[in-house]
Protein chains: 2
Amino acid sequence: MSVRSIKDVAAAVRGRRHDLGISQVELARRAGVSRKWISEFEAGKSTAEFGLVLRVLDALALSLELRDASSTQDGPSDRGAVDLDLLLNRFRASDAAEAGDE
Amino acid sequence: MSVRSIKDVAAAVRGRRHDLGISQVELARRAGVSRKWISEFEAGKSTAEFGLVLRVLDALALSLELRDASSTQDGPSDRGAVDLDLLLNRFRASDAAEAGDE
DNA sequence: CTACCATGTAACCGCACGGTGTCAATCACG
DNA sequence: CGTGATTGACACCGTGCGGTTACATGGTAG
């Protein structure tokens, strides 16, 4: 499942936690964070530290995969070469205005 | 590629950025973060905000996938049911001591 | 040699992250 | 009914994140 915003991770974490039938307290203890953190994170707090998120995912046996956004599955022909130029073009025009979060 | 620590993401980002031949200033501008942040993040700062990391990955056309840590590839038979009990066992014994990062 | 760019790093600062502690609401028990 | 567990929300606080600015270094042209 693709992670578009932190809410995706949050939902997954909460779901997984429910599947495991463990409480926030238990997860917090396992991951080494505070219960407040778990609570806020599961609510979709995008400012959560990456390291802590990783710890929680680890505690739930969830893992993050890093991949090319363009390649749907595997890179068959010439691994990453096409979309590079494609990206470079988008760098000509500039301006950032992404803010789907919170 | 599996993300074990933030350094994995950091390395990927830096690599991708080099592939694209863009500077930290450019990436920072595209992602809407400061150059200092890029610099520190690429150095492996694990306290980076998840949201910002997501922004940078997006700017580089990299994406994060969330998946089961146990399922190596696809989950064919009964989706997530085996490892749940397996995980539950690990919750009996407690104590958290994961700290591969910095 | 002198620019210029890219990058690391320092100092400074506002602000909010994350931890601790607490309370109320909710639900499931017996 | 009362009791306990779970969770959201609050106040409080110290620390450090992230932004800005500035400087030093190393590489690369010219």
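Residue numbers begin at 1 in each chain, while the letters A, B, ... track the order of the sequences.
Ion pair B/Asp19/B/Arg14 not flagged as a salt bridge, since none of the NZ, NE, NH1 or NH2 atoms sits closer than 4.0 Å to an Asp/Glu carboxylate oxygen. Between A/Arg17 and A/Glu42 there is a salt bridge, since at least one side-chain N of the basic residue sits less than 4.0 Å from a carboxylate O of the acidic one. Salt bridge absent: A/Asp58 and B/Arg4 never bring a charged side-chain N and a carboxylate O closer than 4.0 Å.
In this structure, the side chains of B/Leu64 and A/Asp8 stay at 4.5 Å or more apart for every pair of heavy atoms. Put simply, the side chain of B/Val53 does not reach to within 4.5 Å of the side chain of B/Val13, judged on heavy atoms. Looking at B/Phe50 and B/Ile6, their side chains never come closer than 4.5 Å, going by heavy atoms from C-beta outward. Between B/Leu62 and A/Arg67 the shortest side-chain heavy-atom distance does not fall below 4.5 Å. In this structure, B/Ile22 and B/Arg16 have side chains that are not in contact, with every pair of non-hydrogen atoms separated by 4.5 Å or more. Here the side chains of B/Val9 and B/Phe41 are in contact, with some heavy-atom distance below 4.5 Å. Here the side chains of B/Gln24 and B/Ser39 are in contact, with some heavy-atom distance below 4.5 Å.
Between B/Arg29 atom CZ and C/dA6 atom P the separation is 12 Å, expressed in whole Å. The distance from atom CD of B/Glu42 to atom P of C/dT9 is 12 Å, rounded to the nearest whole Å. Remark: C1' of D/dC17 and CD1 of B/Ile6 are 12 Å apart, rounded to the nearest angstrom. If you take CD of B/Glu26 and P of C/dC5, they are 14 Å apart, rounded to a whole angstrom.
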For each nucleotide in nucleotides 25-30 of chain D, reading 5' to 3', give B when a protein heavy atom comes within less than 4.0 Å of its base, S when such contact involves only the sugar-phosphate, and - otherwise. ------

Identify each atom pair where a protein N or O and an N or O of nucleotides 18-22 of chain D are less than 3.5 Å apart, giving names and distance.
| residue | atom | partner | partner atom | Å |
| --- | --- | --- | --- | --- |
| D/dG18 | OP1 | B/Glu49 | N | 2.7 |
| D/dG18 | OP2 | B/Trp37 | NE1 | 3.4 |
| D/dG18 | N7 | B/Lys36 | NZ | 3.0 |
| D/dG19 | OP1 | B/Ser34 | N | 3.4 |
| D/dG19 | OP2 | B/Ser34 | N | 3.2 |
| D/dG19 | OP2 | B/Ser34 | OG | 2.6 |
| D/dG19 | N7 | B/Lys36 | NZ | 3.3 |
| D/dG19 | O6 | B/Lys36 | NZ | 3.4 |

Taking only N/O atoms, report every protein-nucleotides 24-29 of chain C pair under 3.5 Å with atom names and distance.
none

For B/Arg30 and B/Glu26, run salt bridge (charged side-chain N to carboxylate O under 4.0 Å, His left out): C-alpha distance rounded to whole Å, both residues' side-chain angles, the deciding distance at 0.1 Å, then the answer. CA-CA 6 Å; B/Arg30 283 289 305 172; B/Glu26 180 68 15; 5.7 Å; no

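Contact annotation: B/Arg14 does not reach the phosphate of C/dA6 (side-chain N/O to OP1 or OP2, under 4.0 Å). At least one side-chain nitrogen or oxygen of A/Ser39 sits closer than 4.0 Å to the OP1 or OP2 atom of D/dG8. Distances shorter than 4.0 Å separate some side-chain N or O of B/Gln24 from OP1 or OP2 on C/dG8.
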